[in-house]
Amino acid sequence: MALVSDSWTTRYAAAGGAYLSPKVAARVVAGLRGGRTTGAVPARHAVAGLTEREKDVLALLGIGLSNAEIAARLRLVEGTVKAHVSAILAKLGVRNRVEAATAAHEAGVPEQARRTGP
C-alpha cells in the first residue's frame with residue numbers, strides 16, 4: 001500500500017478536507033451504487049410497504065417541502081403530516097428526513113409525484 005505524503009495530508013486536513021483510502025472509497029461508492037437505504041432493504045421494496053398517503057407525503061418530502069407545506073398541499077393538519085413522517089421513517093428504517101428523501105429519490109417517488117400529482 002502506498003503512503004500519502006505527510007505534508008499533503010496535513011495541509012489537506014488543516015483546510016478541512018478528509019482523506020479516504022482507495023479501499024474505503026471503493027466501499028463507499030459500491031454502497032451508493034447499490035441503491036440501498038441505510039438498512040439492508042432496497043429503497044423500492046421499502047417504499048412499496050408504505051400506504052398511498054405515506055407515499056404522497058414521502059414524494060413531497062422528497063422534493064424538499066416542510067411539514068407545513070405538505071399539510072397545505074395535501075389539505076391535512078400539520079400534526080397528521082408529522083405522524084405520517086414518523087411512520088415513513090420507521091418503515092423505511094431511516095433516521096431522518098434527509099435519509100427518507102434519499103430513499104424516495106432512489107425509488108423514483110418524487111418523479112412519480114411530479115407526473116401524477118399527489
Side-chain angles (χ1 to χ4, degrees):
M1 170 157 79
L3 294 177
V4 178
S5 166
D6 285 334
S7 62
W8 180 85
T9 55
T10 302
R11 285 194 310 269
Y12 192 67
Y19 174 76
L20 291 178
S21 73
K23 183 177 180 181
V24 172
R27 289 176 65 194
V28 169
V29 170
L32 292 173
R33 286 188 181 155
R36 292 177 284 141
T37 57
T38 55
V41 180
R44 286 190 192 279
H45 181 69
V47 169
L50 300 178
T51 66
E52 289 305 311
R53 181 55 89 185
E54 288 168 345
K55 288 177 187 175
D56 293 341
V57 171
L58 180 61
L60 297 174
L61 186 151
I63 60 173
L65 298 185
S66 69
N67 286 350
E69 293 167 325
I70 294 169
R73 181 85 59 99
L74 297 178
R75 295 187 175 107
L76 300 170
V77 295
E78 193 171 346
T80 301
V81 173
K82 288 180 183 179
H84 284 308
V85 171
S86 294
I88 290 165
L89 298 180
K91 288 181 179 181
L92 296 181
V94 297
R95 295 174 291 192
N96 55 50
R97 294 172 71 93
V98 173
E99 291 180 0
T102 300
H105 282 276
E106 289 173 355
V109 174
E111 291 78 15
Q112 293 168 5
R114 286 187 181 115
R115 283 192 298 256
T116 61

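We number each residue from 1, following the sequence as shown.
A distance of 13.5 Å separates NZ of Lys82 from CG of Leu76, quoted to the nearest 0.5 Å.
Listed by chain and number, the residues in a side chain to side chain contact (heavy atoms under 4.5 Å, CB included) with Ala90 amount to none (sequence neighbours excluded). Listed by chain and residue number, nothing satisfies the side chain to side chain donor-acceptor pair (under 3.5 Å) test with Thr80 (two or more places apart in sequence, or in another chain). Glu78 pairs by the side chain to side chain donor-acceptor pair (under 3.5 Å) definition with nothing, not counting sequence neighbours.
By the 4.5 Å heavy-atom criterion applied to side chains, Thr102 and Arg97 are not counted as neighbours. Between Thr51 and Lys91 there is a side-chain heavy-atom pair separated by less than 4.5 Å. Proximity of Leu74 to Arg53: side-chain heavy atoms (C-beta onward) are separated by under 4.5 Å at one or more points. Leu65 has its side chain within reach of Arg73: a pair of non-hydrogen atoms, C-beta onward, lies under 4.5 Å apart.
For the side-chain contact (heavy atoms from CB on, under 4.5 Å) with Leu61, the lone residue among Val85, Val109, Leu89 that qualifies is Val85.
When all heavy atoms of Ala101 and Gly62 are compared, the pair lying nearest together is CB-CA, 4.0 Å. The heavy-atom pair separating Val47 from Ala103 by the smallest distance is CG2-O, 4.5 Å. Residue Ala100 comes nearest to Leu58 through the heavy atom pair O-CD1, 3.5 Å, listed as atom of the first residue, atom of the second, then distance.
Within the 3.5 Å criterion, the main-chain N or O of Arg95 finds a donor-acceptor partner in the side chain of Glu99.
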